[in-house]
Structures are given as C-alpha cells and as structure tokens.
2 protein chains.
Amino acid sequence: MRRKALVDAAMRVIGDHGSLTVTMSEIAKQAGVSPALAHHYFGSKEQLLIETVRTHLQRLRDNTVTALRAAKTPRGKLSAVIRVSFQADQFAPETIAAWLAFYAEAQRSEETRRFLVIYARRLRSNLLANLKALCPREDAERIAEGAAAMIDGLYIRQSLRSAPISIEASIALTEDYINTLLALLSRKAAFQKDI
Amino acid sequence: MRRKALVDAAMRVIGDHGSLTVTMSEIAKQAGVSPALAHHYFGSKEQLLIETVRTHLQRLRDNTVTALRAAKTPRGKLSAVIRVSFQADQFAPETIAAWLAFYAEAQRSEETRRFLVIYARRLRSNLLANLKALCPREDAERIAEGAAAMIDGLYIRQSLRSAPISIEASIALTEDYINTLLALLSRKAAFQKDI
DNA sequence: TTTTGTTGATTGATCAGTCAATCAAAAATA
DNA sequence: TATTTTTGATTGACTGATCAATCAACAAAA
C-alpha cells in the first residue's frame with residue numbers, strides 16, 4: 001500500500017530531520033515516488049503528517065496491549081506498562097524526534113493535540129486500572145497521575161540526554177515510586193486496623 | 001535596546017504562532033521595525049531564536065533565585081522550587097508554546113539542546129542541594145531525579161490539557177512524592193536504630 | 001472503454017538574507 | 001562655536017531559493 005509506504009517514509013524523514021519541518025519532496029523521495037503522488041494520496045501535507053502521528057501512537061498502543069496480555073497480575077501489568085514506555089525502540093532517534101515534534105505541533109493542530117491527549121489518557125488509565133486492584137480508588141488516581149507524569153518526564157530527560165541516569169535506572173525510579181506509595185498506604189491501613 | 005525589543009517580539013510571535021516556524025517579518029512587524037533591521041542586529045534568524053531561548057531560561061532562573069532566597073529552611077526551598085515551576089506565568093500560552101517548541105528544536109540545534117540541558121540540571125541540582133540536608137546523599141539523588149521528572153511531566157500534561165487535575169493538584173502531587181519518600185526513609189532510619 | 005495510479009512541468013506564494021541609500025547624531029576639526 | 005566627517009541606525013527594494021499544490025498527460029489495469 002502506497003499510503004503506508006509514504007507514512008513510513010515520513011517517519012524516517014522526520015527522524016533524520018529532527019523536526020516536522022520536512023518537505024513533501026523529501027518524503028516522496030524517501031518513499032521512491034514523485035511528490036505529486038503524495039498529494040494525490042493525502043490531499044495535503046498536513047493530512048500526511050496527521051496520519052503519521054496516528055500511526056506512531058497506534059504502534060505504541062499495540063506494544064502496550066501485547067505487554068499487558070503477557071502479564072498476569074495487576075502488579076505485573078503495572079511493570080509491563082512502564083517497561084513498554086521505556087522500551088528501546090522508543091529511544092530510536094526518529095521516535096524521539098517524532099514525539100517532541102508532535103508535542104510542539106499540538107499547540108497548532110487541534111487534531112494532533114487530540115491524539116496526544118488520547119495517549120496521555122491511555123497511559124494514565126492503564127496504570128489506574130491495575131492500581132485500583134491494589135489500593136483504594138482515590139489513592140490509585142493520585143498514584144496513576146504521578147506515575148504517568150514521571151514516565152513522561154523521565155522520557156523527555158532521556159531524550160535530551162540531560163538525565164544523569166540510565167534507562168534502567170529510570171524504570172527503577174518509576175517502580176520505586178509506585179512501590180513506596182503502595183507500601184506506605186498498606187502501613188496506614190494496618191495502623192487503622194490496630195486502633 | 002533594539003535587541004531586547006526584538007527578542008520580546010520573537011517570544012510573543014512564537015506564542016501566537018504556537019511554534020518556532022515564524023518569519024523575520026512577523027517578528028520585526030511585532031517589534032515595529034523593518035525585517036532588515038532584525039538581520040542587522042542578529043545576523044540570522046537562528047541567532048535571534050537562540051537568543052530568545054536564552055532569555056526565556058534566564059527569566060525562569062531569576063524567578064527561581066528570588067524564590068529560593070525568600071525561603072529559609074531546606075524543606076521550604078524545595079517547595080519554592082516546585083512553586084516556581086508551576087507559577088501562573090509558566091502557563092501563559094506563549095510560554096507553553098516556547099517550551100514545547102524549544103524541546104523539539106533541541107533535536108536539531110545543539111545550542112538549544114545545551115540550554116535545555118542546563119535548565120534540567122539546574123532544576124535537579126536545586127532539588128538535590130536541599131534534599132541532602134534532609135536525607136542521605138544517595139537517597140537525595142534518587143528523589144531529586146524523580147521529582148524533577150515529575151515536575152516536567154506534570155507541566156507537559158498541563159500544557160496539553162491532558163491532565164484531569166488542577167495546577168494546585170499537580171503541586172500537591174509533587175509535594176506528596178517528596179514527603180512520602182522522606183517519611184519512609186526516616187521510618188527506616190528509626191527501625192535501624194531500634195535494632 | 002473506463003478507472004486508477006503516476007509523473008513532469010509549472011505556478012504562485014513565501015521567506016531569509018543582501019544592498020545601496022537615507023538620516024541622525026556624535027566626533028573630530030577648524 | 002561652527003563646520004565637516006564619521007559612524008551607526010534604519011529602511012525599501014530586490015534576489016534567489018524553496019516549497020506546497022495543481023494539472024494535463026500518460027500508463028496500466030479492470
């Protein structure tokens with residue numbers, strides 16, 4: 001399918017280029033077709049780019065679904081979500097460039113923003129669903145929001161190479177956040193029971 | 001000074017536009033001068049943009065220094081750093097647009113990346129310095145890294161309007177992260193002493 | 001024959017950067 | 001002080017390059 005080839009090419013060019021400021025010619029050349037054909041299939045550059053964002057998030061979603069299926073316990077599923085977020089392919093230069101470019105683009109394109117909101121909600125909700133099995137609802141909501149933010153923040157710091165820690169350490173930090181908050185909650189619960 | 005006026009204009013145009021894809025003409029018009037003058041002062045568009053990033057981070061730094069001076073205790077200084085990060089002006093549309101655009105630009109411009117790395121290090125080190133007064137060094141490093149990432153992540157989620165919580169709740173979440181980890185550490189310390 | 005895929009050539013617009021010319025104010029000179 | 005000279009600020013007009021988008025024509029499949 002030509003559409004798929006063009007979207008793949010777009011992703012590669014965005015990665016090389018490090019931004020969404022890419023030309024239809026570059027994308028078409030990368031895909032081995034004429035620029036006119038890219039217009040034929042997508043109507044405009046913006047539509048091609050939006051399709052690229054969608055595909056990008058779809059791929060992450062598929063990885064997450066697979067990882068969630070493989071894990072059996074709620075705690076295991078939490079780890080699976082974290083692991084996927086820091087998976088090696090998320091740090092491929094073109095993936096990093098795409099993410100950051102999409103964040104910026106969301107300020108201008110409502111459609112791009114909607115996709116990223118969906119990603120953010122999905123991350124939060126995957127965490128929340130499994131946390132609810134381990135602690136009360138209100139606590140689960142707090143922890144899910146904090147963990148999701150921490151994941152995004154650690155990802156950006158890794159992407160900028162501004163974090164003095166490894167990817168494994170980033171995973172450990174997120175796991176530790178969840179473990180610690182859950183541990184403290186169960187102590188409080190035990191304390192309540194004692195009274 | 002014309003340079004300053006042009007940098008201010010650039011910031012405003014970037015905000016309106018929602019990205020770094022702005023023209024010298026727009027910036028010059030916003031500043032009320034001719035496009036040729038902008039070139040006269042900055043040599044190139046890239047230099048003007050880099051100067052704009054620098055000014056942007058300088059402003060945040062000044063705010064932080066002031067807030068740190070006002071706080072007296074280490075714990076108070078931690079709260080001050082958090083408060084500044086979520087200060088109202090950080091969520092002005094042009095500030096949000098600038099931050100996200102700069103993150104994306106860092107993939108292409110080594111100089112922009114360097115500035116953002118400096119910001120990330122500064123945030124971490126402000127947290128670390130005060131945490132060291134409250135817990136052992138290794139723990140302080142872990143907590144500082146986690147808190148810095150959480151701040152960045154929460155900021156992005158607020159910027160995209162993908163967080164279902166208020167700015168105040170974001171601040172509370174970060175405070176809670178620090179409080180909880182410190183609390184657990186002091187309990188462990190007490191437990192060690194008992195043995 | 002009709003439909004679908006594909007291209008080369010072209011257009012119209014946008015933009016960064018240049019340059020020669022103008023103007024004002026400061027500095028040097030008489 | 002009065003004058004000339006120099007310097008820096010400022011602009012309008014222009015250029016060369018780039019690019020999204022269009023379209024008519026051609027090829028291949030149905």
Side-chain angles (χ1 to χ4, degrees), chain A residues 1-56 94 97-98 101-102 104-112, chain B residues 1-56 94 97-98 101-102 104-112:
Chain A
M1 193 67 163
R2 272 286 136 84
R3 288 183 71 95
K4 191 178 173 330
L6 281 165
V7 166
D8 282 354
M11 190 73 78
R12 240 168 301 140
V13 173
I14 290 169
D16 287 348
H17 216 270
S19 92
L20 286 191
T21 317
V22 295
T23 68
M24 287 300 245
S25 306
E26 285 171 307
I27 296 172
K29 192 176 181 184
Q30 174 70 230
V33 299
S34 77
L37 195 63
H39 275 98
H40 175 70
Y41 278 106
F42 291 94
S44 74
K45 183 179 157 183
E46 194 181 352
Q47 274 310 307
L48 169 50
L49 255 26
I50 285 172
E51 191 71 24
T52 307
V53 183
R54 171 188 276 128
T55 303
H56 179 73
E94 72 258 27
F102 293 161
E105 181 70 7
Q107 300 299 303
R108 309 203 295 128
S109 152
E110 178 58 26
E111 205 157 354
T112 300
Chain B
M1 194 66 165
R2 272 287 136 81
R3 287 182 72 95
K4 189 178 175 333
L6 281 165
V7 166
D8 282 354
M11 191 73 79
R12 240 168 299 141
V13 173
I14 290 169
D16 288 348
H17 216 269
S19 92
L20 285 192
T21 317
V22 295
T23 68
M24 287 300 244
S25 306
E26 286 172 306
I27 296 172
K29 194 176 181 184
Q30 174 70 230
V33 298
S34 77
L37 194 63
H39 275 98
H40 175 69
Y41 278 105
F42 290 93
S44 75
K45 182 178 157 183
E46 195 182 352
Q47 275 310 308
L48 170 49
L49 256 27
I50 285 173
E51 191 71 24
T52 307
V53 183
R54 172 188 276 128
T55 304
H56 180 73
E94 72 258 27
F102 292 161
E105 181 70 7
Q107 299 301 303
R108 310 202 297 125
S109 153
E110 179 56 27
E111 206 159 353
T112 300

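All heavy atoms count here, side chains included; hydrogens, waters and symmetry mates do not. Letters A, B, ... mirror the listed sequences (proteins, then strands); counts begin at 1.
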Original post:
For B:Phe42 and C:dT18, what is the distance between atoms CZ and P respectively, to the nearest whole Å?
Top reply: 16 Å
Subject >> B:His39 NE2 - C:dA20 P separation (whole Å) >> reply: 17 Å
Original post:
When rounded to the nearest 0.5 angstrom, what distance separates CG in A:Leu6 from CD in A:Glu51?
Top reply: 10.5 Å
Original post:
Given that A:Gly43 and A:Glu26 both sit by DNA chain D, which one's nearest nucleotide is further toward the 5' end?
Top reply: A:Glu26
Original post:
Any idea which of C:dA16, C:dG5, C:dG8 is nearest the A:Tyr41 side chain?
Top reply: C:dG5
**OP:** Calculate the interatomic distance between A:Lys29 atom NZ and C:dT6 atom P; express it in whole Å.
**Re:** 20 Å
Subject >> First-last contacting nucleotides on DNA chain D - partner chain A, under 4.0 angstrom, heavy atom >> reply: D:dC19 to D:dC23
Subject >> Distance, nearest 0.5 Å, that separates OH of B:Tyr41 from CZ of B:Arg3 >> reply: 9.0 Å
Subject >> Rounded distance (nearest 0.5 Å) linking atom CG of B:Leu49 with atom CZ of B:Phe42 >> reply: 10.0 Å
Subject >> From OG (A:Ser25) to CD (A:Gln30), nearest 0.5 Å >> reply: 13.0 Å
Original post:
Are A:Arg2 and C:dT4 close enough that a side-chain N or O sits under 4.0 Å from OP1 or OP2?
Top reply: no
**OP:** Give the rounded distance in Å between these two atoms: CG of A:Leu37 and C1' of C:dG8.
**Re:** 13 Å
**OP:** Ignoring hydrogens and angles, state whether a donor on the side chain of A:Glu26 or A:Thr23 is under 3.5 Å from an acceptor on the partner side chain.
**Re:** yes
Original post:
Which angle, to the nearest 10 degrees, lies between the helix axes at the two ends of the helix from C:dT1-D:dA30 to C:dA30-D:dT1, each defined by five pairs?
Top reply: 10°
**OP:** Just call it for B:Thr23: base, sugar-phosphate, or nothing, with non-hydrogen atoms closer than 4.0 Å on any strand.
**Re:** sugar-phosphate
Original post:
Roughly how far apart are A:Ile27 CD1 and A:Leu48 CG, rounded to 0.5 Å?
Top reply: 4.5 Å
Subject >> Atom pair CD1 (B:Ile14) and OG1 (B:Thr52), whose distance is rounded to the nearest 0.5 Å >> reply: 5.5 Å
**OP:** I would like to know whether A:Lys4 and A:Asp8 meet salt bridge (charged side-chain N to carboxylate O under 4.0 Å, His left out); could you show each step before the answer?
**Re:** CA-CA 6 Å; A:Lys4 191 178 173 330; A:Asp8 282 354; 3.1 Å; yes
Subject >> Heavy-atom pair with the smallest gap, counting every atom of B:His39 and B:Ser44 >> reply: CD2-CA, 4.4 Å
Original post:
Rounded to whole angstroms, how far apart are NZ on B:Lys45 and P on C:dA16?
Top reply: 4 Å
